[in-house]
Enquirer: 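This is the structure I want to talk about, given as structure tokens.
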Amino acid sequence: MLTLNFSSNRIRSIELDTFKNLSNLVTLDLHDNKLPPTKKSFHDGVFRYQKKLKKLYIHNNVESPPDSGSVIGGFSSSYPDGAFRDLLALEELIIDGMREIYFGTGFQFLEQLKSLSLGGGDGGTCQTRNLRNKTFENLHSLKTLDVSHCLLLNIELSSFEKLKNLHSLDLSFNRYLGLSKAGEAMYGLQNSSLKILDVSALSRTLGPSITLQTHHMEYFRNIEIEELNITGNRIELIDRNAMLYLPRSLKKICIRDNHISFGLYMLELSILTNLVWFDASHQGSSSLSFDSEKQNSRDRRHSGQNSQPVKWSITLTVPPNATYADFSYCKMTYNIENFHFSRNKLRELNLSHNFFSKWIGPISGLTHLEIVDLSHNFCDFIGNEFGKHFPSIRKLNLGYNYLGYTLHNGTSTILDDFPLLEDLDISNNKVRVFPKTILKNLTLIKRVNLSSNYLMTWNSDIVNFNMRTLDLSRNLFEDVPSLLRYQVAAMNTKAFRLYFEGNPLRCSCATLTSLIWMTEHASRIHNYAEMQCVDDGNRKIVMKNIHPVILGLRKRCASYIGLTLGIMSLIMLVLCLGIAGIVYRCRWKLRYLFYLARMKNSGYAAAEEEGDGPSFEFDAFISYADEDRRFVVEDVRQILEGRLGLRLCIHHRDFLVGEAIAANILNAVKSSRKTVIVLSRHFLRSYWCKYEVEMAKMESIYSGRNTLLVVVLESIPVKDLPSDIVQLMRDDSYVEYTNDREGRELFWQNIERAIRSV
């Protein structure tokens, strides 16, 4: 047998030969009985057969402080060294701490004893009030000593002087001891092997705040401590020179759960050149105010000391080789603006659970930073300069803020400065819209957490299809959006998981495609079998039972889909035909309005009122087919322009070069008092002649004046004329051309009179 456990019984005594046949015993556990560490409970020689025993646990055996016992060297209580002297292989001892303790001469034989605990921190009972100069004089080999959770009032100056091999000392949770007496106790540990020291919780829980003074630290400089825990001591201020007494060997320091406020001592942190780990979290308050720096800058400007705007900046001193710093739970309420850090190698920074509501930036000097925790900060704004100087960020926790407001306003560039980012947490941020391009530069992203937001749709582009996790749980999705389905299916790694539980999924015809996709890709959906959806009757259906529901939906939704598609197609066809009919019917009106608007935008001005009526650039616009050009050039132009003095617009002469024909036509119609139609069979076959007639008709409608005059150049039967030309000749005046000389004179006079009439 190697291990024997008799713990949590009611053993009151041990007979001398109880363990006679257990010579190979390695571990003996007798804790939580009725065996106080006295000679009455542990007789001399009770362990004489346990030459191989390495671990002995006899703590939590004292219910109350023992009465006065034998006095040895001025001590009222001595451990039964006659019983323990035979444990030559003992390495670890956990024992109750009595009021006054002394480890007698029998402990000199325990050369292998490396770890001693007086039980207070291990669930035992420690009533020890004082540590004397001779308490540990026979424990030369100790490397680990735990005197935590006792009732220590005093430690004599040389109590630890004999413990030259001591590596770790725990004095924590001795609320009546105080930092001053603990500092004095370090006198005996000068030039020892001590590397780890825990002096946390040495001040009274509800006591006043204290100042860490120089004399508390004066013996530390001669101890090569590497880890120091000074948690929970109600420290508010630190003497300026106190930090100078810290050993340069210090690698880790924990000063959490105090009341540290800003002071010049922070500038002395740079002397700790070996410090790599620093925990200053859970501070009760902080009086540091960076706003005062800005106010001082404003005051200097107002006083005339500097007429130029002052760009203020705060420089924070960091141990040059530190890689981890924790400032969480410090109640800091500042805007993160223009900060500069001294030379450092920080890789991980925890600023969570504060009140940094605006992250403006820039922040410089943190070029090695890889992990940042800014969660639980009530932040609702991130500036464009915030991430400019963080080139190495791999993990960024922005959870439990209010970034939904920033993202909703279209800010999609807040992550552009983190090209190496692998892990992003934006959970619990009231995000309603996740911008489309916010992940465009994150080609190495592995994990994105958007859980517990208000997302209903998914529109974001994923560029890295080697992702491992996309957490969209506890949002407002009723199905898996089509873009998201495509992206999940395209993931290259089999280890990818989509977290989608906690969303109000629906089981209906509208989400049938999504439900089918989920069954086909169940291996990529975390906890798929236990997820639920709600049908049209508000019944919750577990996904592991979804297959019969999908079959029912397929049958029920098929007819609905066909009917819906048919009705939609019919509606679209009717709408298209109706729109096409309206466009065809109003085609000339639409063309007229289009070119009219184009003329206005290009600077064309309509004719202005002069005298009794409007003035025009031309008296008449001659609309004719090219085959009738000879008549227009030789007769119309010579007589109406040359002899009668009318101003004519003739397209082959007066149209603007480079302008569209349709625009030239409308310009000619609007710039002329009349539009004269030279009606012939060639005219009826010309598209542009018909276009000119329609534009003139539109001008008559919109201007309210009679603009059309028909000149019948040749006799055409009515049956060969279009209905709109016939209607035009009935409604408006027309003139017939004749070869008779006298009739020709009357013809030209009628044309002139018709053109000049309003």
Side-chain angles (χ1 to χ4, degrees), residues 1-7 14 16-31 35 37-39 41-61 72-73 78-98 101-124 126 128 131 134-148 159-171 188-189 191-198 224 226-227:
M1 182 181 294
L2 299 178
T3 302
L4 180 61
N5 189 339
F6 278 129
S7 64
I14 304 175
L16 190 60
D17 292 329
T18 300
F19 305 116
K20 180 178 180 179
N21 297 321
L22 298 175
S23 58
N24 292 321
L25 201 61
V26 174
T27 302
L28 177 59
D29 190 345
L30 294 169
H31 86 275
L35 293 168
T38 62
K39 292 184 178 181
S41 300
F42 296 91
H43 305 291
D44 292 350
V46 70
F47 297 123
R48 63 183 182 276
Y49 301 106
Q50 278 66 56
K51 305 298 183 181
K52 298 180 180 180
L53 190 69
K54 293 183 178 182
K55 298 180 181 182
L56 177 60
Y57 306 140
I58 55 175
H59 55 287
N60 199 20
N61 276 288
I72 303 177
S78 175
Y79 289 110
D81 57 315
F84 292 108
R85 65 183 300 160
D86 297 314
L87 298 174
L88 302 180
L90 190 65
E91 297 177 359
E92 180 181 355
L93 173 62
I94 303 179
I95 194 169
D96 287 324
M98 296 186 291
I101 58 175
Y102 175 69
F103 293 88
T105 56
F107 284 90
Q108 291 181 351
F109 300 97
L110 306 186
E111 296 181 355
Q112 303 300 318
L113 183 60
K114 301 296 189 296
S115 176
L116 172 64
S117 173
L118 297 184
D122 294 290
C126 184
T128 305
L131 296 180
K134 292 186 178 182
T135 297
F136 303 109
E137 65 178 353
N138 296 310
L139 296 173
H140 304 289
S141 301
L142 269 188
K143 289 189 175 182
T144 301
L145 176 59
D146 184 353
V147 199
S148 64
S159 296
F160 304 123
E161 189 171 9
K162 299 297 183 179
L163 303 178
K164 295 301 181 182
N165 296 315
L166 196 63
H167 180 272
S168 174
L169 174 60
D170 189 350
L171 294 173
L189 289 168
N191 303 313
S192 68
S193 300
L194 189 66
K195 301 297 181 184
I196 302 173
L197 176 62
D198 190 343
E224 296 295 318
E226 295 182 357
E227 298 182 21

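When a residue number appears, it is its place in the shown sequence, counting from 1.
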Enquirer: Going from NE2 on H59 to CG on L30, what distance comes out if it is rounded to the nearest 0.5 angstrom?
Expert: 10.5 Å
Enquirer: Measuring from D81:CG to F109:CZ, what's the distance to the nearest 0.5 Å?
Expert: 9.5 Å
Enquirer: Ring centres under 6.0 Å, that's the criterion: do Y79 and F103 meet it?
Expert: yes
Enquirer: Are N165 and K143 linked by a side-chain donor-acceptor pair shorter than 3.5 Å?
Expert: no
Enquirer: Atom CG of L113 and atom CG of N138: how far apart are they, to the nearest 0.5 Å?
Expert: 11.5 Å
Enquirer: Inspect the surroundings of NZ in K51 and state if more than 12 heavy atoms from other residues, nucleotides or ligands are less than 6.0 Å away.
Expert: yes
Enquirer: Looking only at non-hydrogen atoms, find the nearest pair between L16 and R48 and report the distance.
Expert: CG-NH1, 3.3 Å
Enquirer: As an exercise, state the distance from CG of D86 to CG of L110, rounded to the nearest 0.5 Å.
Expert: 9.0 Å
Enquirer: Just how far is it from atom CZ of F160 to atom OG of S192, taken to the nearest 0.5 Å?
Expert: 10.5 Å
Enquirer: Quick one: CG on L28 to CG on N5, what's the gap to the nearest 0.5 Å?
Expert: 8.5 Å
Enquirer: Tell me, yes or no, whether the heavy-atom count around K114 atom NZ, taken from other residues, nucleotides or ligands under 6.0 Å, exceeds 12.
Expert: yes
Enquirer: Taking D96 for its side chain and N61 for its backbone only, find out whether a donor-acceptor pair lies under 3.5 Å.
Expert: yes
Enquirer: Counting C-beta onward and ignoring hydrogens, is there a side-chain heavy-atom pair between Q50 and F19 closer than 4.5 Å?
Expert: yes
Enquirer: Do the ring planes of F42 and F47 sit parallel (below 30°), tilted (30 to 60°) or perpendicular (above 60°)?
Expert: tilted
